[in-house]
There are 2 protein chains.
Amino acid sequence: MVVTGHTSSGGPADPQGSQQKPASIRDVAQAAGVSYQTVSRVINDHPNVKEETRRRVEEAIEALGFRRNATAFALASGVTKTVTVLTSNTVLYGYAATLQGLEEAARAAGYSVGVRVLTPEDDLDRTIATAAAAGGGLVVIGFDRLGAAALDRVPSNVPCAAAVEAPPPGRTPPRPAVWVDDRTASRAATEYLLDLGHETVHYVAIPASTGSRRSAAPRAEGWRQALVAAGVTPPPPTGKGWDAQAGYDAGRKLARDPGVTAILCGNDDLALGVLRALHHAGRSVPGDVSVIGFDDAPHSQFITPALTTVRLDFQGLGRSAFGLLRGQLESDFQPPEPTLAGPELVRRESTGSRDA
Amino acid sequence: MVVTGHTSSGGPADPQGSQQKPASIRDVAQAAGVSYQTVSRVINDHPNVKEETRRRVEEAIEALGFRRNATAFALASGVTKTVTVLTSNTVLYGYAATLQGLEEAARAAGYSVGVRVLTPEDDLDRTIATAAAAGGGLVVIGFDRLGAAALDRVPSNVPCAAAVEAPPPGRTPPRPAVWVDDRTASRAATEYLLDLGHETVHYVAIPASTGSRRSAAPRAEGWRQALVAAGVTPPPPTGKGWDAQAGYDAGRKLARDPGVTAILCGNDDLALGVLRALHHAGRSVPGDVSVIGFDDAPHSQFITPALTTVRLDFQGLGRSAFGLLRGQLESDFQPPEPTLAGPELVRRESTGSRDA
DNA sequence: GGCCGTGTTGTGACCGCTCACAATCCTCGC
DNA sequence: GCGAGGATTGTGAGCGGTCACAACACGGCC
């Protein structure tokens, strides 16, 4: 049985076609009976070209199917309309959505976007140097440790912007960056749970993007603040990972403790795993336990129970990060004040009052 | 309340630093007291360079922090180690996973990868021309109509490979392509449902990648074949979209019909929506209705009931597509026979026998 | 000692385009 | 009818690398 297939047309050396190389501006010039510089003027919309000449050149361009060679253009002009995204992940919702927003903005501005995945194995400096050697600018997604580390090592002479988890500590603003205020959002979510009558709220954390400085993990911090403000001692956070499996592992432990009636999760995948663990343990949601996620991934509203979560505007984040980069690349471009939707608590079915 | 923030370091013109441009091979040559050609030899590992000279050059490279300019290299050598992925989506699981596999393979081979999202609005030919002008090769993800259309319009002189939904119709193999045999998998999934005692199986389709030629939608076709082989007349397929919302809409209608006891869905998102609709309609899964998805997205095993689905090796697909492209770009590279895991039916909780 | 072959290095041209500047054309005003 | 000045066009150089080839050094051979 054929489980998979592929076609490829003949050997590596394609017998016919595919050989003739594309027309250059000199080819066009010759065809139009002008100098190459005139062709250059036409393709760059310079004002001083006689109408009739322009027309002739444009016809030649059309006839030869000429397209300006992007590489040569970049080399000669020094302008590389390219942005390379450095990220440790492309599939997780937050990352994918940020990338999506960025790509859209970049495309609209005529930039092409490259993606380079960061892995713990490879040499960060080398990777960055390679990416920077491509010309253009860098956008690093610094949601996690690896991304944050990469951001720190970008040499100061390469244009770079970042989307990060938390505002950089006050001292030297290292790089233009955008973030969403999820500390406040996390606090609000926790307060919501408290208002519902829960005596405490447990937290299943996502891995921190920074070392030990606890204040840098805004979601954890917002949760802690809400609890402290309410006069309750925060229970130890759990969780070691980003995905549903990590949530499931954390959830199993939490499910055993009857004192656990409200759980805030660092993201929706984690929440999904927690929900699953709770289900396995026979504890109902929201009857016995309330659960809140973070991010509002597309499927979160369709699972059962539909997940209460904090919606974050990742697309806007990506868009803004690109704007920041563009501001560095084009001296006359003033990056617009980032406009992204603020975090918003979306109440659905996974939360309920304590005594319901 | 600050809901979002950003930092940017001063105005567009950075007062200090960021100005000095990177060292070229001539700078290195001068520093090492040799000619630029010798530097070129060193960075390209040419054999005939005296050991001591090489050492001196390497020191100079180190000292100046020299990095070969990728643009200039591409222009002069004609080799652009770049692959641009043309896709209509980057977030849906199948697309994202394919992209991930491709990026990994490309990175391992020293290629950089670009992403260009296709939209119905913009001019396909123009988009393709732009992407091709970047040099390097193209990989188009042709799972949907837009991607398939793009694939058709790639000029024959640009290196290109594709990941597609179904094998191209026999006649002229237009382009090297990879696909998974989901027709067979779909048939197997349907048979599984039939074996469970269901009298018929309903299908919630994903949008087809081709026009009207029905045989080109392999998932639908496998389902139909299984039904026909079992002597049952296939009910009309439903569904109009890729996401959970589309699944929900289709599921609502299906839920009203008590004759519906088994539903096969074109992907896991659709299945999620169907599950949700069934739940709202008060029909239990798998008690009243069995549901099967397609793709095995990461969260599918964590939802409740855990989704029975057909696992597809998208990463492998992306990897293989890259291999095919590389075969065209490097004349001495023989693309390995694509090795990707075959589709596999993963039985979980959303399916059960008719009379359970 | 002169010749040859190999190892090592340097020079020139070029990739396809842009920039800066010089050369030519035209039109106008006196 | 002629010079000024703007419009239009062409030439040379260079972006940062590569390739092809020439030049030079060295040792071994006759």
Side-chain angles (χ1 to χ4, degrees), chain A residues 19-58 60-61 64-82 129-130 132-136 157-158, chain B residues 19-58 60-61 64-82 129-130 132-136 157 330:
Chain A
Q19 302 307 18
Q20 82 184 11
K21 64 178 188 175
S24 75
I25 62 171
R26 314 204 190 227
D27 298 326
V28 174
Q30 181 163 21
V34 297
S35 78
Y36 57 82
Q37 175 61 4
T38 299
V39 177
S40 174
R41 290 199 179 91
V42 171
I43 62 182
N44 288 313
D45 274 331
H46 268 263
N48 296 340
V49 176
K50 214 200 307 188
E51 197 44 51
E52 201 250 324
T53 310
R54 178 186 303 275
R55 198 185 43 69
R56 265 214 326 271
V57 170
E58 275 164 351
I61 288 178
L64 297 178
F66 168 82
R67 292 247 132 207
R68 173 220 259 137
N69 180 314
T71 304
F73 172 83
L75 180 59
S77 69
V79 179
T80 311
K81 285 205 158 191
T82 286
T130 308
N157 62 343
V158 353
Chain B
Q19 302 307 19
Q20 82 186 8
K21 64 178 187 174
S24 75
I25 61 170
R26 314 203 191 227
D27 298 327
V28 174
Q30 180 162 23
V34 298
S35 78
Y36 57 81
Q37 175 61 0
T38 300
V39 176
S40 173
R41 290 198 179 92
V42 170
I43 62 183
N44 288 313
D45 274 333
H46 268 264
N48 295 341
V49 177
K50 214 201 308 189
E51 196 44 51
E52 201 249 324
T53 311
R54 177 184 303 276
R55 199 184 43 68
R56 264 213 328 268
V57 171
E58 275 164 351
I61 288 179
L64 297 178
F66 168 82
R67 291 248 133 206
R68 173 220 260 134
N69 179 315
T71 304
F73 173 83
L75 180 59
S77 68
V79 180
T80 313
K81 285 206 159 191
T82 286
T130 308
N157 63 344
E330 304 172 27

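Everything quoted here is computed from the prediction, not taken from an experiment. A note on names: the letters A, B, ... follow the listed sequences, proteins ahead of strands, and every chain is numbered from 1.
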A:T80 meets the side-chain hydrogen bond (donor to acceptor under 3.5 Å, both in side chains) criterion, sequence neighbours left out, with none
Using atom types as modelled, flag every donor-acceptor pair under 3.5 Å from a side chain in residues 41-51 of chain A to any protein atom, sequence neighbours excluded.
from, atom 1, to, atom 2, distance (Å)
A:N44, OD1, A:R68, NH2, 2.5
A:N44, ND2, A:S40, O, 3.0
A:N44, ND2, A:S40, OG, 3.4

Charged N to carboxylate O under 4.0 angstrom, B:R55 versus B:E58?
-> no
Do any side-chain atoms of residues 26-34 of chain B form donor-acceptor pairs under 3.5 angstrom with protein atoms, and if so which ones, sequence neighbours left out?
from, atom 1, to, atom 2, distance (Å)
B:D27, OD2, B:S24, N, 2.8

Rounded to the nearest 0.5 Å, how far apart are CG of B:L75 and CZ of B:F73?
-> 11.0 Å
Opening and closing nucleotides of DNA chain D in contact with chain A, under 4.0 Å to non-hydrogen atoms | D:dT8 to D:dG16
Footprint string (nucleotides 16-24 of chain C, 5' to 3'): B base within contact, S backbone only, - free, heavy atoms under 4.0 Å = BBBBB----
Could you check whether A:T38 gets within reach of a base, just the sugar-phosphate, or nothing at all, counting any heavy atom under 4.0 Å?
-> sugar-phosphate
pair B:R67-A:T130: side-chain heavy atoms closer than 4.5 Å = yes
Interatomic distance, B:Q30 CD vs C:dG10 P [rounded to whole Å] | 13 Å
So how far off straight is the helix from C:dG1-D:dC30 to C:dC30-D:dG1, going by the axes through five pairs at either end, to 10°?
-> 60°
